[in-house]
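Report on the following structure.
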Amino acid sequence: MTAYPFDAPESAALMKRAEQVIPGGVNSPVRAFRSVGGTPRFIVSAKGPWLVDADGRRYVDLVASWGPMILGHAHPAVEEAVREAAGKGFSFGMPSENEVALAEEIVARVAPVDQVRLVSSGTEATMSAIRLARGFTGRTLVVKFAGCYHGHVDSLLASAGSGVATLALPDSAGVPADSAAETIVVPYNDVAAVEAAFAERGDQIAALITEAAAGNMGVIPPEPGFTEALRRITREHGALFISDEVMTGFRCSPAGWYGLEGPYADGAPDLFTFGKVMGGGFPAAAFGGRADIMALLAPTGPVYQAGTLSGNPVATAAGLATLRGCTPEVYDRLGVVSRTIADAAAEALTAASVPHTVQWAGSMFSVFFREGPVRSYDDAKAQDTAAFGAFFHAMLAAGVHLPPSAFEAWFVGASHDDEAVGRVVEALPGAARAAATATS
Ligand SMILES: *Cc1c(COP(=O)(O)O)cnc(C)c1O
């Protein structure tokens, strides 16, 4: 088992308190450090690329709130927008202009998206997109890929990545068998498996949903031609194609993964889901796509979907300021920071003879603790998670907070300056040596 290089008494005390009143002490499972062991750090403040924990230690943040903090924490322009919006009231329950402006910003960036409906989480976005696809097609079944995570929607928790992967739960209890039976799970990057699923039950399939580029089982980009094949197969069978860009959206490029890989000769996905970056750290997400499909939503159509806090004025102000702050320079910086850190990680792991591979989706990357290529969830699961645990704790001791799971992307922001990047680069050789000793 991993030795923890240093303890964190204040965080440990807070965790004890938390465990009394919150299941497992956390409000989202992967925060609990279960797969790496030890005490999760309670964060008291964050600025730019830095986190400060309850024990007063500073860390370079490579979690970025799991993606949203693309400009860094408490970015001045976003903070200003939030203060200004909050000064005018917190929630109206009536329409407001920020909602329109954020929708316009998304529609302007992602060409195939004619309209969006704003919601408060990525889970709500995918759940609503699935309902809309079912309403549009009059069919029930959904096809998803093993290891792709689309939030904790009942029918989408079958063989999901993210926290489900981290905890090695094949599924979730509490999901009715009928719900799970509505989902067909196929291996990622396997066109033949998709074709076989559609050949068998194509006339009952409402939608295929995929992560635009997989990021919740570590980063596994779609192989060349894979997305096009999904477009072709779904169209042939009258099913909708939903591209989940909750993680990749506005991160991989100004128009997300679609902006890197699209437009496609066979046409675009019908629906898209967004979250994370577009909320700027606040609860804002969206689903959108073809106008004729979106017209089916209430109040214009029969598919019901709603939210008391949907389009919240403070959240939309934060999202808008964040997207407007995502300039070409920001994307350039993400590329440089990612490349510098990934190259240094690969070099350190190679020097310590730790099997590994780095995989990319635009500037989004992750490190698998096994030789590559990693094409699927089965491949991802075959990595050395014990080596990762030792690596993680050595990085933490050196002041770098990685995602506490081998199945997550390492998220950087444009505020990672040379000092922050330098801290990461310096920490890597020692962490790689720690991983080498933990490898079975
Ligand atoms: C994070 C994520 C979700 C879920 O979003 P929440 O806001 O956590 O509900 C859905 N899909 C993908 C691809 C994600 O990365």
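Just so you know, ligand 1 is whichever comes first in the structure, and atom 1 is the first atom listed for that ligand.
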Hey, would you say the F272 and F287 ring centroids sit under 6.0 Å apart?
no
Measure from atom 3 (C) of ligand 1 to every heavy atom in N216, T273, V246 and give the option owning the shortest one.
V246
Determine whether the aromatic ring centres of residues F392 and F33 are separated by less than 6.0 angstrom.
yes
Counting the benzene-type ring for Trp, do F369 and H356 have ring centres under 6.0 Å apart?
no
Does some side-chain heavy atom of F241 sit less than 4.5 Å from a side-chain heavy atom of I209?
no
Tell me: protein heavy atom nearest atom 5 (O) of ligand 1, and distance?
G122 CA, 3.2 Å
Closer than 4.0 Å to some heavy atom of E211 - which atoms of ligand 1 meet that?
13 (C)
Considering only non-hydrogen protein atoms, determine which one is nearest to atom 9 (O) of ligand 1 and report residue, atom name and distance to 0.1 Å.
T123 OG1, 2.6 Å
Which of the numbered atoms in ligand 1 are under 4.0 angstrom from any heavy atom belonging to S121?
7 (O), 9 (O)
Compute whether any side-chain donor of one residue and acceptor of the other, for E211 and T248, lie under 3.5 angstrom apart.
no
For H150, the atoms of ligand 1 under 4.0 Å from one of its heavy atoms are 10 (C), 11 (N)
Ring centers of F145, F226 separated by less than 6.0 Å
yes
Determine whether any heavy atom of K276 lies closer than 4.0 Å to an atom of ligand 1.
yes
Flag for S11-D53: side-chain donor and acceptor within less than 3.5 Å:
no
Hey, which atoms in ligand 1 end up nearer than 4.0 Å to a heavy atom of G151?
3 (C), 4 (C), 10 (C)
Starting from atom 11 (N) of ligand 1, find the nearest protein heavy-atom neighbour and note its residue, name and distance.
D244 OD2, 2.7 Å
